[in-house]
2 protein chains.
Amino acid sequence: MARRGPQGGGGAKRDRILRAAIMIFSRKGYFNSKISEIARQAGVADGTIYLYFKNKDDLLISLFEEKMGEVVADVRARVAEGGDALSRLRIFIRNHMDLLVREAGLIEVLQVELRQSNKFMKEYVPVKFLEYLDIISGILEDGQKEGIFRRDLNVTLARRAIFGALDEISLAYVLSRKRKYDPAEAAEEIYRIFAAGLKDSVPSEGGR
Amino acid sequence: MARRGPQGGGGAKRDRILRAAIMIFSRKGYFNSKISEIARQAGVADGTIYLYFKNKDDLLISLFEEKMGEVVADVRARVAEGGDALSRLRIFIRNHMDLLVREAGLIEVLQVELRQSNKFMKEYVPVKFLEYLDIISGILEDGQKEGIFRRDLNVTLARRAIFGALDEISLAYVLSRKRKYDPAEAAEEIYRIFAAGLKDSVPSEGGR
DNA sequence: TCCGATTGAATGAACCATCATTCACTAAAT
DNA sequence: ATTTAGTGAATGATGGTTCATTCAATCGGA
């Protein structure tokens with residue numbers, strides 16, 4: 001079970017391959033990336049990759065799960081430092097945007113390939129990604145208990161909205177080479193929108 | 001210029017192919033869809049596709065531009081019926097969610113392939129998609145003039161946030177076969193969040 | 001210490017299935 | 001008869017995967 005390469009554990013070579021894959025996948029996308037390119041980038045032979053990964057798909061999945069796992073563990077720790085739900089929401093948002101700088105390649109792969117993957121990996125469930133979303137749910141539910149957020153807020157929907165907003169802004173950032181805005185400022189603006197949006201309510205049969 | 005098939009204009013056969021492509025692309029994704037499958041689905045021979053489209057990429061791009069063009073024109077008309085910025089925002093959001101039902105396949109293709117396309121079509125700029133985003137900007141700017149939305153709102157960021165939220169929720173809807181929520185209700189919840197979020201502000205050094 | 005044997009990681013050329021694309025041909029229309 | 005739409009089998013390129021072989025490290029007997 002869970003045997004995954006010559007040494008069995010997390011070898012340096014395995015990690016070199018994973019890093020190379022992030023680099024190549026993020027540049028060209030999964031389908032346009034060749035195993036031989038990844039091998040070259042990692043400084044190993046084509047065949048070596050198959051000592052550590054079952055096939056090309058497995059390489060992508062391992063990348064999703066392992067790297068995303070690190071990200072999730074990291075955010076959890078950071079968010080735990082926050083006080084009330086509002087400040088924790090802010091930390092979460094801020095952290096997400098900071099990831100763009102720290103882990104640009106990884107984020108780029110996740111953003112583009114995670115969607116695609118549903119189409120060609122029928123069996124795969126992105127566990128770690130769901131955990132990431134659960135962190136948001138947790139904050140929202142706590143906020144309701146604390147009386148900060150609306151009680152009738154649909155948490156499932158709201159967490160998706162928050163993630164979607166962050167994701168889309170990250171995407172725009174990553175794609176435009178111009179870097180039109182600063183991630184930290186963006187985080188603050190997004191925080192303001194949601195902090196106000198989750199808190200108060202607006203007449204349901206609104207404007208004219 | 002813009003010659004694109006035997007009849008030159010929008011033939012019925014051309015449209016059959018486009019519709020078949022939406023169907024197949026939405027099921028398997030661009031790279032896993034075979035021209036021969038699309039041909040079979042459309043009831044034409046493989047070669048016929050090349051009478052109407054330059055190549056596989058061109059088929060995808062045409063699909064983006066033409067179908068998205070129809071969508072944009074349609075939303076523009078609907079939004080124009082609204083009164084103030086708030087009610088127009090609500091119409092826009094509601095319309096987006098309704099599209100999920102009316103144009104499920106198309107939406108699915110756009111959501112998944114638009115991101116990918118940046119990686120392998122270096123020259124392609126998704127004009128119609130940007131127009132869609134511009135509709136949101138327009139609403140937001142009007143809202144500022146009307147004194148409904150914060151003057152210091154970063155419109156570029158906010159429109160991305162709104163689109164991102166909608167897009168992510170649509171994605172969840174499309175992917176989960178369970179249909180956990182109703183698009184109309186989802187639209188209302190999203191509207192409430194943003195209506196409140198764009199309007200009021202929250203102390204910038206919040207929390208604690 | 002030295003040397004042959006054994007082990008398993010690493011290699012990369014070759015294999016072969018998969019499609020996108022082409023084009024010689026047929027059918028229909030004018 | 002000539003032109004144009006449509007066909008679908010054949011072609012050629014591509015690239016994931018395999019596996020026979022090489023190489024280095026470790027081991028044990030003298």
Side-chain angles (χ1 to χ4, degrees), chain A residues 3-25 27-63 109 113 116-117 119-124, chain B residues 3-25 27-63 109 113 116-117 119-124:
Chain A
R3 198 111 251 285
R4 48 190 188 190
Q7 303 87 19
K13 191 156 291 189
R14 187 169 193 281
D15 207 62
R16 282 230 310 286
I17 295 171
L18 232 31
R19 250 198 288 281
I22 291 177
M23 185 152 204
I24 305 294
F25 286 162
R27 281 210 217 304
K28 327 241 219 151
Y30 180 78
F31 288 104
N32 290 308
S33 297
K34 297 167 232 193
I35 289 287
S36 59
E37 271 180 297
I38 296 171
R40 180 152 31 84
Q41 174 69 38
V44 300
D46 297 12
T48 306
I49 290 180
Y50 290 86
L51 296 178
Y52 294 90
F53 303 94
K54 215 154 46 48
N55 50 39
K56 197 184 174 188
D57 285 9
D58 183 48
L59 181 52
L60 183 62
I61 290 180
S62 303
L63 194 161
V109 176
E113 308 303 334
Q116 262 283 335
S117 72
K119 303 282 169 195
F120 70 99
M121 292 173 182
K122 299 184 292 286
E123 54 337 299
Y124 171 64
Chain B
R3 197 110 253 286
R4 48 193 190 186
Q7 303 87 18
K13 191 155 291 189
R14 186 169 194 281
D15 207 61
R16 283 231 307 287
I17 295 171
L18 233 29
R19 252 197 287 281
I22 291 176
M23 184 152 206
I24 305 294
F25 286 161
R27 281 210 215 307
K28 326 238 217 155
Y30 180 78
F31 287 103
N32 290 308
S33 299
K34 297 165 230 183
I35 288 289
S36 60
E37 271 180 298
I38 295 171
R40 179 152 31 83
Q41 174 69 39
V44 300
D46 298 12
T48 306
I49 290 180
Y50 290 86
L51 296 177
Y52 294 90
F53 303 94
K54 215 154 43 55
N55 50 40
K56 197 183 173 188
D57 286 8
D58 183 47
L59 180 53
L60 182 63
I61 290 179
S62 302
L63 196 160
V109 176
E113 307 304 335
Q116 262 283 335
S117 72
K119 302 283 170 194
F120 71 99
M121 292 173 181
K122 300 183 292 285
E123 50 341 295
Y124 170 63

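Chain A is the first sequence line, chain B the second, and so forth, proteins listed ahead of strands; every chain is numbered from 1. Owing to the predicted nature of the structure, the values given are computational and were not obtained by experimental measurement.
Closest contact between the side chain of A:K56 and the listed nucleotides D:dT7, C:dG12, D:dT17 involves D:dT17. When each of C:dA20, D:dT17, C:dT11 is scored by its nearest atom to the side-chain atoms of A:Y50, the top-ranked nucleotide is D:dT17. The nucleotide whose nearest atom lies closest to any side-chain atom of B:K34 is, among C:dA20, D:dT7, C:dA10, C:dA20. When each of C:dA20, C:dG12, C:dT11 is scored by its nearest atom to the side-chain atoms of B:I35, the top-ranked nucleotide is C:dA20.
The phosphate of C:dA10 (OP1 or OP2) has a side-chain N or O of A:Y52 nearer than 4.0 angstrom. The shortest distance between the side-chain N/O atoms of B:K13 and the OP1/OP2 oxygens of D:dG6 is below 4.0 Å. Taking 4.0 angstrom as the limit, B:T48 places a side-chain polar atom (N or O) nearer than this to OP1 or OP2 of D:dT7.
Atom OH in B:Y30 sits about 13 Å away from atom P in C:dC19, given to the nearest Å. The separation between B:I38 atom CD1 and C:dT21 atom C1' is 14 Å, rounded to whole Å. One can place CD of B:E37 at 8 Å from P of C:dC19, the figure rounded to the nearest angstrom. Computed from coordinates, the B:F31 CZ to C:dC19 C1' distance equals 13 Å when rounded to whole Å. Going from atom CG of A:N32 over to atom C1' of D:dG15 covers 12 Å, rounded to whole Å. Look at CG on B:D57: it is 16 Å from P on C:dC19, rounded to the nearest Å. To the nearest angstrom, C1' of D:dT17 lies 11 Å from CD1 of A:I49. The separation between A:F120 atom CZ and C:dC19 atom P is 14 Å, rounded to whole Å.
With a 4.5 Å cut-off on side-chain heavy atoms, A:L60 and A:M121 count as touching.
A:A20 and A:I38 get closest at one heavy-atom pair: CB-O, 3.7 Å.
Under the 6.0 Å distance and 45° angle rule, B:K56 counts as a cation-pi partner of B:Y30.
Summarising the geometry, atom CZ belonging to B:F120 is positioned 5.5 Å from atom CG belonging to B:D57; distances are rounded to the nearest 0.5 Å. Separating the NZ atom in B:K119 from the CD atom in A:E113 is a distance of 8.0 Å, to the nearest 0.5 Å.
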